[in-house]
Number of protein chains: 2
Amino acid sequence: MLSEKEIDYNTEIRLTYKRSIPARRSARISDVARAAGVSVATVSRAVSAPEKLSEGTRRRVLAAIDELGYTPNTLARQLRVGSSRMILVVVPRRSNPPFFSEVLRGVDVTLVEAGYVLITGYMEGEDRDLRLIELATSGHLAGLMTTSGKLPQVNGRSILDGGLPAVALCADPGVKGMPAVLIDDEAAARSQARHLLELGHRRIFYVTGPAGNYNETARHRGIVAELTAAGLYPEALVECPGDYVFEAGHRGAEAYLALADRPSAVICSNDECAVAFMKTIRSAGLTIPGDLSLIGFDGIEFADYCEPALTTIAQPRFELGATAAKLLVEMISGVPPSVDLDAQNRSFLDVDLKVRGSTAAPPAGQRD
Amino acid sequence: MLSEKEIDYNTEIRLTYKRSIPARRSARISDVARAAGVSVATVSRAVSAPEKLSEGTRRRVLAAIDELGYTPNTLARQLRVGSSRMILVVVPRRSNPPFFSEVLRGVDVTLVEAGYVLITGYMEGEDRDLRLIELATSGHLAGLMTTSGKLPQVNGRSILDGGLPAVALCADPGVKGMPAVLIDDEAAARSQARHLLELGHRRIFYVTGPAGNYNETARHRGIVAELTAAGLYPEALVECPGDYVFEAGHRGAEAYLALADRPSAVICSNDECAVAFMKTIRSAGLTIPGDLSLIGFDGIEFADYCEPALTTIAQPRFELGATAAKLLVEMISGVPPSVDLDAQNRSFLDVDLKVRGSTAAPPAGQRD
DNA sequence: CTGAAAGCGCTAACAC
DNA sequence: GTGTTAGCGCTTTCAG
């Protein structure tokens with residue numbers, strides 16, 4: 001272990017002078033071999049297959065390892081064995097932190113437990129995507145995970161070109177054979193609409209997600225399906241374009257308030273958007289659920305702490321991440337998947353419609 | 001680029017059978033050399049120093065690279081040159097997603113722009129810390145960043161043992177010579193208390209952060225200092241232990257409500273905690289800021305969307321991350337830091353006390 | 001049970 | 001300008 005003085009030395013020097021002092025080299029396998037009086041092969045075995053060594057040799061080598069503070073250079077090991085233990089997870093930029101952070105926690109916990117290291121790569125624009133593609137083909141990676149319906153792709157090159165084992169998470173890019181772990185967005189959105197219809201609402205204002213987005217498309221389909229089944233489509237649906245962020249909720253609410261004939265129910269594409277919608281509505285003097293019912297999507301913690309608490313679709317965030325990670329590890333190690341997959345290699349996890357204070361029957365005048 | 005059939009093939013096979021098909025090997029430098037009719041050295045130059053090649057050769061090699069979809073194996077390169085471009089940022093587990101995700105975005109944007117790859121490692125418990133320490137000494141890393149006052153450390157081994165360039169972010173672990181980029185927590189907390197005193201409040205209820213936490217310690221010191229300066233300490237301060245999460249805010253509010261003689265002002269250790277505090281208080285029928293004033297810390301977006309909007313200390317989240325990343329890159333490349341550092345190698349960024357609806361003068365009966 | 005030696009893919013002297 | 005070659009630190013046959 002470094003003494004405090006040494007730490008100071010290293011950091012201070014590097015901070016101030018131009019490479020005047022080379023980094024202190026850490027012990028290599030040959031150092032350990034020399035110290036223990038054995039060959040490098042023996043040291044290698046002491047680390048990866050200690051049972052192959054005699055009691056005495058093993059003890060001697062292990063002591064030397066400890067003594068020198070030796071850690072194998074994984075870079076070299078990986079180059080030699082031709083496989084790494086790093087996994088890249090691709091996340092769209094600025095994406096709903098309270099939602100994705102919990103999904104990624106599920107990924108992280110599972111992956112680390114299985115001995116992998118997680119690299120998070122944010123998508124945003126072509127430059128960025130190109131770096132990700134290069135990373136994916138650079139030999140560093142053991143596997144790939146993506147949380148977006150669109151894969152990084154720039155002039156003909158795709159992130160899948162490396163041929164890495166890959167799984168999709170929270171969205172299905174629809175690549176043939178690439179498994180996906182997600183919820184059934186369409187069914188979930190249907191249940192949102194059904195909940196509102198059951199309460200007696202007959203028209204819905206919908207602040208959408210970004211056009212073309214996988215989840216948005218599926219959810220939109222669900223809402224339409226439910227309204228259609230109730231014989232209310234298309235008159236009953238008023239759409240307002242949004243993109244999953246606070247600002248969209250705010251603007252959505254302004255659009256709603258400007259309406260001459262306001263629907264009594266509102267669906268926001270996610271909780272973040274719904275929270276902002278709620279705030280703007282209340283600032284305008286309307287009450288929820290007195291004047292209108294509001295429902296979100298995701299089930300982030302903040303939804304519990306609005307006033308009133310937000311009715312929402314709670315996604316199994318941690319479990320989504322954990323399941324996808326488990327599946328990926330199985331693919332990498334070549335064992336059959338323990339996760340149930342349908343014919344398209346998809347695994348759907350259950351959601352929970354959490355009914356809380358933001359939804360209720362419509363005001364008397366608006367019931368049919 | 002893979003045809004769709006190949007993608008399917010790869011994934012499907014791996015998913016189903018036990019390593020029956022080896023991964024398709026990607027092109028190596030020697031493949032390109034052969035295809036272009038040059039030596040490997042020339043290919044290497046075409047990638048890293050194209051100006052050293054003649055027009056014709058360069059074109060020929062580049063064409064071959066493109067043709068074969070060659071990406072250099074960074075693992076091999078790094079092993080050879082002895083340095084990597086990966087940076088580990090250590091984050092405490094489950095830590096305030098809306099706050100840290102924005103800080104990390106600042107880190108990520110800056111680092112990627114400088115050509116680095118970011119690895120996020122969560123701390124939690126010794127096992128985990130040991131993995132991080134091993135990662136830090138495995139040859140993979142170019143630098144290290146930590147967002148916690150406590151560094152991963154297990155039986156004598158510290159994450160700094162590898163001698164990597166390292167910078168602290170949002171907290172100062174107090175390692176001699178290790179630079180830190182953060183805000184002045186003490187001064188910020190003083191300004192919170194001062195704001196409340198200026199409004200006329202004379203007693204403060206404080207839901208603390210976790211005992212021993214760097215930020216908590218500094219903030220506590222600030223509150224005490226301000227109250228002391230006003231001649232109100234210690235009588236004026238009622239403390240309630242918390243730990244930065246929703247639940248702490250909820251429990252803090254319950255403790256507050258149970259008080260016989262309630263202070264007219266409340267400081268919560270962070271916004272998340274304050275949001276929960278607010279919710280519980282309102283559910284109990286008290287009004288904010290009518291019955292009590294409430295102030296948070298961090299400046300996350302959700303603070304804007306409470307009812308009323310939360311008065312808080314807005315930290316420059318993105319800038320904190322970006323500044324720390326910039327400094328780290330400079331340390332790695334050996335150039336003098338462009339970031340202003342004090343004698344202890346710290347750089348303090350400015351905060352902003354955002355006064356909003358949750359703070360006001362105390363109710364008439366409670367003024368002095 | 002242990003050692004010698006080849007080589008993973010790449011870069012950087014050093015020659016020509 | 002371009003090629004030859006010696007390793008970076010490690011694992012893994014293959015001998016003994």
Side-chain angles (χ1 to χ4, degrees), chain A residues 22-62 64-65 68-85 134-135 137-142 162, chain B residues 22-62 64-65 68-85 134-135 137-142 162:
Chain A
R24 190 183 49 100
R25 264 233 311 237
S26 48
R28 289 152 309 179
I29 198 170
S30 56
D31 297 329
V32 178
R34 198 172 322 109
V38 296
S39 74
V40 292
T42 300
V43 178
S44 178
R45 290 185 191 108
V47 173
S48 53
E51 72 281 2
K52 289 189 174 171
L53 300 185
S54 73
E55 176 68 25
T57 316
R58 189 190 327 140
R59 212 197 315 274
R60 211 144 27 93
V61 175
L62 260 25
I65 286 176
L68 291 145
Y70 168 71
T71 317
N73 182 318
T74 0
L75 230 43
R77 189 219 300 277
Q78 285 173 17
L79 178 59
R80 173 63 233 232
V81 305
S83 77
S84 95
R85 310 229 76 181
E134 277 166 359
L135 188 57
T137 47
S138 69
H140 264 296
L141 265 35
Chain B
R24 191 181 48 100
R25 264 228 316 231
S26 48
R28 291 150 308 180
I29 198 169
S30 56
D31 298 327
V32 178
R34 200 171 322 112
V38 297
S39 75
V40 292
T42 302
V43 178
S44 179
R45 289 185 193 108
V47 173
S48 54
E51 72 282 1
K52 290 190 176 170
L53 300 186
S54 73
E55 175 68 24
T57 317
R58 188 188 330 137
R59 211 198 314 274
R60 207 145 30 90
V61 175
L62 259 24
I65 285 176
L68 291 151
Y70 167 71
T71 317
N73 183 317
T74 5
L75 231 43
R77 188 218 300 276
Q78 286 173 17
L79 179 59
R80 174 62 233 232
V81 306
S83 75
S84 95
R85 309 228 77 182
E134 277 166 358
L135 188 57
T137 48
S138 68
H140 264 294
L141 266 34

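The chains referred to below are lettered A, B, ... by the order of the sequence lines, with proteins before strands, and numbering in each begins at 1.
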Note to self: Using whole Å, what does the distance between atom C1' of nucleotide dC10(C) and atom CD of Q78(A) come to?
What the structure shows: 16 Å
Check: From the list dC10(C), dA4(C), dG3(D), which nucleotide is the closest neighbour of the side chain of A76(B)?
Finding: dC10(C)
Next item on the list: Kindly give the heavy-atom pair with the smallest separation between V47(B) and P50(B), and that separation in Å.
Entry: O-CD, 4.2 Å
Next item on the list: With the side chain counted from C-beta on, respond yes when H140(A) and Q78(B) share a heavy-atom pair under 4.5 Å apart, and no when they do not.
Entry: yes
Note to self: Measuring only between side-chain heavy atoms, which start at C-beta, is V40(A) closer than 4.5 Å to S30(A)?
What the structure shows: yes
Item checked: Close residues, residues 49-60 of chain B, relative to DNA chain C [heavy-atom separation under 4.0 Å] -> none
Next item on the list: Would you check if R77(A) and N73(A) make a side-chain contact, meaning some heavy-atom pair closer than 4.5 Å?
Entry: no
Item checked: Whole angstrom value for the distance that separates P of dT11(C) from CG of L75(B) -> 12 Å
Item checked: Side-chain heavy atoms of I29(B) within contact of Y70(B), under 4.5 Å -> yes
Check: Once you round it to whole Å, what is the distance between P of dC10(D) and CG of L79(A)?
Finding: 12 Å
Check: With T74(A), which residues qualify under side-chain hydrogen bond (donor to acceptor under 3.5 Å, both in side chains), at least two apart?
Finding: S138(B)
Item checked: S48(B) side-chain N/O to S44(B) backbone N/O, donor-acceptor pair under 3.5 Å -> yes
Note to self: Output the rounded distance in Å from CG (N73(A)) to P (dG9(C)).
What the structure shows: 17 Å
Next item on the list: Round to the nearest Å and state the distance from I29(B) atom CD1 to dT2(D) atom P.
Entry: 15 Å
Next item on the list: To the nearest Å, give me how far apart NE2 (H140(A)) and C1' (dG9(C)) are.
Entry: 12 Å
Next item on the list: Kindly point out which of dG9(C), dT11(D), dC10(C) is positioned nearest to the side chain of P72(B)?
Entry: dC10(C)
Next item on the list: Starting from P on dT11(C), measure out to CZ on R28(B) and report it in whole angstrom.
Entry: 15 Å
Item checked: Distance in Å, R85(B) CZ paired with L141(B) CG, rounded so as to fall on 0.5 Å steps -> 13.0 Å
Next item on the list: Please state whether the phosphate of dG3(C), meaning OP1 or OP2, lies under 4.0 angstrom from any side-chain nitrogen or oxygen of T42(A).
Entry: yes
Notebook entry, point to check: What closest approach, in Å, do L68(A) and V32(A) show between heavy atoms, and which atom pair accounts for it?
Noted result: CD1-CA, 3.8 Å
Margin query: S84(A): which residues meet the side-chain hydrogen bond (donor to acceptor under 3.5 Å, both in side chains) condition with it, sequence neighbours left out?
Written below: none
Notebook entry, point to check: What integer distance in Å separates R85(B):CZ from dT11(C):P?
Noted result: 13 Å
Next item on the list: State, to the nearest 10°, the angle formed by the axis through the first five base pairs of the helix from dC1(C)-dG16(D) to dC16(C)-dG1(D) and the axis through its last five.
Entry: 40°
Look for any protein N or O under 3.5 Å of an N or O in nucleotides 12-16 of chain C and output each such pair with its distance, or none.
residue	atom	partner	partner atom	Å
dA13(C)	N6	R45(B)	NH2	3.3

Check: Can you name the residues that form a side chain to side chain contact (heavy atoms under 4.5 Å, CB included) with T57(B), not counting sequence neighbours?
Finding: V38(B), T42(B), S54(B), R60(B), V61(B)
